[in-house]
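Note sheet for the following structure.
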Amino acid sequence: MSDRIHTLSGYLYEYQKSVTQPEEFWARIADSFHWRKRWSKVLKWNFEEPDVKWFVDAKLNITENIFERHLFTIGDRPAIIWEANDPNEAGRTLTYKELFHEVNRFANALKSKGIGKGDKVIIYMPMVPEAAIAMLACARIGAIHSVVFAGFSSSALADRVNDCGAKAILTADGNFRGSKKIAVKAVVDEALEKSEVETVIVYERTQQEVSMKEGRDFWWHEVIAEESQECAPEEMDSEDMLFILYTSGSTGKPKGVVHTTGGYMVYSQYSFDNVFQYSEGDVYWCTADVGWITGHSYIVYGPLLAGATTLMFEGVPTFPDAGRFWQVVEKHQVNVFYTAPTAIRALQAYGTEPIQKYDLSSLKVLGSVGEPINEEAWHWYHTHIGRGKCPIVDTWWQTETGGIMVSPIAGITPTKPAFATLPLPGVQLCIVDPEGNELTGNSVEGNLCIKFPWPGMIRTTYGDHERCKQTYFSTYKGMYFTGDGVKRDHDGYYRILGRVDDVINVSGHRMGTAEVENAINEHPKVIESAVVGYPHEVKGQGIYAYVIADLTNRTEDNLMNEIKEMISKIIGPIAKPDKIQFVPGLPKTRSGKIMRRILRKVAEGSLDNMGDTSTLLDPDVVTKIIEGKK
Ligand code: 6R9
């Protein structure tokens with residue numbers, strides 16, 4: 001790959017080029033892709049609107065770049081290695097040629113159900129190769145996929161179906177997760193009481209009982225049975241939507257982040273190739289779920305565009321025991337391993353015994369994503385999993401950025417524990433103070449912004465462009481605001497400090513505090529609530545909920561359980577609070593705003609330094625909350 005960075009000076013050279021001549025830089029990277037029609041201009045942009053277009057007027061199909069672009073050379077190479085939840089179940093391997101045929105067959109099946117260019121398709125599936133096949137089949141025919149993490153509840157699913165106006169849902173009968181067998185189709189049925197789609201296609205995974213509605217629901221294996229393995233790719237404009245992915249923000253309603261075709265394609269492969277320094281024949285394993293952006297960019301699109309072998313794992317890190325990840329590494333001779341700090345910390349708690357049973361010598365590069373990695377976890381990962389030999393790439397990015405933004409280049413950028421280090425070429429970071437003044441020089445700390453477009457960036461929030469503008473482009477004029485705090489140290493290295501808005505990060509999952517509050521407030525006994533994050537040893541952040549409730553005819557324990565149930569139903573089990581405290585009131589300013597700063601302090605137990613409480617309507621409430629804390 002000619003666009004591969006090989007040395008530190010090479011990185012610095014490329015970075016410089018990407019800033020001084022961004023259009024020339026990205027045109028050179030884009031040249032190695034297959035375009036049906038070349039762009040008339042590389043970039044048109046305006047951050048006020050925002051209105052950003054990459055590879056203007058170019059025509060392409062992203063799956064043509066995965067398959068046809070290099071099928072002759074890599075057709076027989078494994079594309080997806082699938083490892084089942086149960087170690088005793090045989091896995092599957094699909095070569096590029098086989099994957100191509102499966103994608104085409106399913107693309108034809110979608111077409112036969114009347115799905116075509118521009119239609120929205122929800123994918124609500126377990127971690128099986130068919131989830132990737134479903135995404136690629138949509139892209140093949142120009143349909144827009146929106147993958148919903150299969151742990152979300154029926155009402156969260158219905159909201160997403162309604163928001164994007166989906167024509168179809170692709171799903172499975174059930175899902176194997178550790179020792180559990182989870183109903184999936186039943187959740188879809190429940191969601192479809194509150195929403196409507198024309199077609200549901202069900203992949204048979206667990207063989208559990210499901211109800212199938214005549215004329216609407218079809219079995220995956222039946223719809224593909226007669227389909228041809230050839231399907232001409234739909235010609236897409238570079239700025240045609242590729243997918244919508246819902247993510248949480250500081251307001252109650254998750255927003256549909258829109259990514260388009262050309263820019264996302266170029267950025268996902270470029271960042272994959274460089275950050276992980278993947279070489280031919282390597283086995284690459286990203287443990288994320290395809291329901292998150294990490295799964296989109298670094299299980300499916302990035303690796304497959306690069307012709308890599310990507311491992312997909314259906315299970316969980318602790319089933320049947322805490323050695324599962326390492327057993328999979330040994331079994332498939334994994335070379336690049338990419339996971340989240342929360343998984344590292346969870347496994348750290350089991351000690352090194354589960355690791356010692358396995359040979360991890362195949363590992364060359366380790367990655368981290370989703371939340372800040374603390375130094376202790378970084379060292380444990382480096383010493384025990386990387387045997388002191390593997391570089392760790394701590395990759396900072398977001399659903400909105402489409403791909404990795406700040407990260408070491410494996411084996412090239414000198415690393416520093418807990419630092420995401422330096423921006424990738426094309427990424428122009430900017431640290432600002434609360435007034436929006438750029439903080440130049442080193443040893444500074446502030447809010448992280450980006451002042452120039454990159455190809456993988458968000459284009460809009462689906463159905464509500466104003467929201468995109470307000471959320472990301474209005475806080476600081478002329479800049480994209482990430483919502484994260486950051487420090488640039490004396491070496492010019494970046495360390496991400498976590499969210500500065502009302503978003504919390506629980507086990508690497510993004511959650512809006514308002515979203516959790518809305519769910520709590522649905523309970524008829526709840527009067528008001530306030531949710532904050534607090535430091536949690538394994539999850540990074542835990543959810544702490546302060547609730548004002550009517551406790552007549554209820555014990556605190558009863559009501560706590562009912563509230564947790566409610567949240568599971570409305571959002572999903574991942575949003576259940578770790579702690580619920582019933583309080584007589586909430587600390588509010590005279591204008592009625594909840595002072596979360598105080599609630600955060602109480603939750604984290606730092607009671608001696610409450611800061612200024614003079615603007616509080618009723619300072620007494622704070623004392624009562626502190627007294628009531630268990
Ligand atoms: C890719 C992904 C984005 C938020 C982001 C930040 C946090 C992600 C991080 C990190 C520190 C890292 N985050 N990677 N914080 N170091 N290496 O996780 O996307 O789910 O949208 O979350 O996650 O706070 O703003 P997403």
Side-chain angles (χ1 to χ4, degrees), residues 248 341-342 345-346 348-349 371-372 374 376-377 498-499 502-589 592-613 615-630:
S248 298
T342 186
R345 288 189 301 262
Q348 201 179 341
E371 48 172 326
N374 49 309
E376 201 196 340
R499 303 289 303 198
D502 291 326
V503 171
I504 50 182
N505 194 323
V506 184
S507 301
H509 301 320
R510 247 169 95 166
M511 224 137 353
T513 51
E515 204 181 337
V516 183
E517 287 162 10
N518 289 349
I520 297 176
N521 298 349
E522 286 290 305
H523 194 288
K525 290 274 181 187
V526 171
I527 297 155
E528 200 182 359
S529 64
V531 166
V532 296
Y534 73 99
H536 186 288
E537 227 167 84
V538 173
K539 298 178 173 183
Q541 278 189 300
I543 305 179
Y544 199 115
Y546 297 91
V547 179
I548 309 175
D550 169 9
L551 279 157
T552 41
N553 305 329
R554 292 283 203 295
T555 65
E556 288 200 352
D557 280 352
N558 288 149
L559 191 54
M560 246 180 238
N561 289 334
E562 287 173 25
I563 289 173
K564 286 185 183 168
E565 260 318 291
M566 193 87 198
I567 296 171
S568 283
K569 245 180 79 189
I570 295 178
I571 307 174
I574 52 173
K576 275 198 231 175
D578 300 273
K579 287 185 186 161
I580 297 178
Q581 181 183 345
F582 293 104
V583 293
L586 293 167
K588 289 189 181 173
T589 61
K593 265 187 94 128
I594 296 175
M595 283 188 84
R596 286 166 195 283
R597 177 175 56 80
I598 291 176
L599 294 176
R600 266 184 233 121
K601 290 250 179 233
V602 177
E604 70 197 33
S606 45
L607 303 178
D608 36 329
N609 182 18
M610 280 295 164
D612 183 16
T613 53
T615 54
L616 282 182
L617 194 58
D618 174 14
D620 239 18
V621 125
V622 182
T623 322
K624 287 186 193 138
I625 291 177
I626 294 172
E627 279 167 10
K629 194 182 173 208
K630 286 180 184 138

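The model shown is predicted, which means the values in this text are computed figures rather than measured ones. When reading the values below, keep in mind they use all heavy atoms of this one structure, side chains included, and skip hydrogens, waters and symmetry mates.
- With rounding to the nearest 0.5 angstrom, the CZ atom of Arg554 is 4.0 Å from the CD atom of Glu562.
- Counting all heavy atoms, side chain and backbone alike, Glu515 lies closest to Ser248 at OE1-OG, 2.6 Å.
- In this structure, the side chains of Val621 and Leu586 stay at 4.5 Å or more apart for every pair of heavy atoms.
- Residues Val526 and Met566 fail the side-chain proximity criterion, which asks for heavy atoms closer than 4.5 Å.
- Contact check for Ile598 versus Leu616: side-chain heavy atoms found under the 4.5 Å cut-off.
- Distance check, rounded to the nearest 0.5 Å: CD1 of Ile626 to NZ of Lys601 gives 11.5 Å.
- Side-chain N or O atoms of Lys629 include one that pairs as donor or acceptor with a backbone N or O of Val602 at under 3.5 Å.
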Could you go through residues 536-552 and list every donor-acceptor pair under 3.5 Å that involves a side-chain atom there, pairing it with any protein atom two or more places apart or in another chain?
{"from": "His536", "atom 1": "ND1", "to": "Val538", "atom 2": "N", "distance (Å)": "3.2"}
{"from": "His536", "atom 1": "ND1", "to": "Lys539", "atom 2": "N", "distance (Å)": "3.0"}
{"from": "Lys539", "atom 1": "NZ", "to": "Asp578", "atom 2": "OD1", "distance (Å)": "2.5"}
{"from": "Gln541", "atom 1": "OE1", "to": "Asn505", "atom 2": "N", "distance (Å)": "2.8"}
{"from": "Tyr544", "atom 1": "OH", "to": "Gln581", "atom 2": "OE1", "distance (Å)": "2.7"}
{"from": "Tyr546", "atom 1": "OH", "to": "Leu599", "atom 2": "O", "distance (Å)": "2.7"}
{"from": "Tyr546", "atom 1": "OH", "to": "Ala603", "atom 2": "N", "distance (Å)": "3.2"}
{"from": "Asp550", "atom 1": "OD1", "to": "Thr552", "atom 2": "N", "distance (Å)": "3.0"}
{"from": "Asp550", "atom 1": "OD1", "to": "Thr552", "atom 2": "OG1", "distance (Å)": "2.6"}
{"from": "Asp550", "atom 1": "OD2", "to": "Thr552", "atom 2": "OG1", "distance (Å)": "3.3"}

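- Across every non-hydrogen atom of Ile574 and His509, the tightest pair is CG2-CD2, 3.9 Å.
- The shortest heavy-atom contact between Ala575 and Val516 is O-CG1, 4.0 Å.
- When all heavy atoms are compared, the tightest approach of Lys576 to Ser568 is CE-OG, 3.0 Å.
- In this structure, Ile567 and Pro577 have side chains that are in contact, with non-hydrogen atoms separated by less than 4.5 Å.
- Of all non-hydrogen atoms in Glu604 and Pro535, the two that sit nearest each other are CB-CD, 3.6 Å.
- In this structure, Glu565 and Asn561 have side chains that are not in contact, with every pair of non-hydrogen atoms separated by 4.5 Å or more.
- Judged purely by atom type and a 3.5 angstrom limit, Arg499 has no side-chain atom pairing as donor or acceptor with the backbone of Ile504.
- A donor-acceptor pair is defined here as one N or O able to donate and one able to accept, closer than 3.5 Å; such a pair exists between the side chain of Thr513 and the backbone of Asp502.
- Minimum heavy-atom separation, Ala519 to Ile571: CB-CD1, 4.2 Å.
- Between Glu528 and Ile594 the shortest side-chain heavy-atom distance falls below 4.5 Å.
- Using a cutoff of 4.0 Å between basic side-chain nitrogens and carboxylate oxygens, Glu522 and Lys569 are not scored as salt-bridged.
- Remark: side-chain polar atoms of Arg600 are not paired, donor with acceptor, to backbone N or O of Met595 under 3.5 angstrom.
- Here CD1 of Ile580 is found 7.5 Å from CG of Leu559. Values are rounded to the nearest 0.5 Å.
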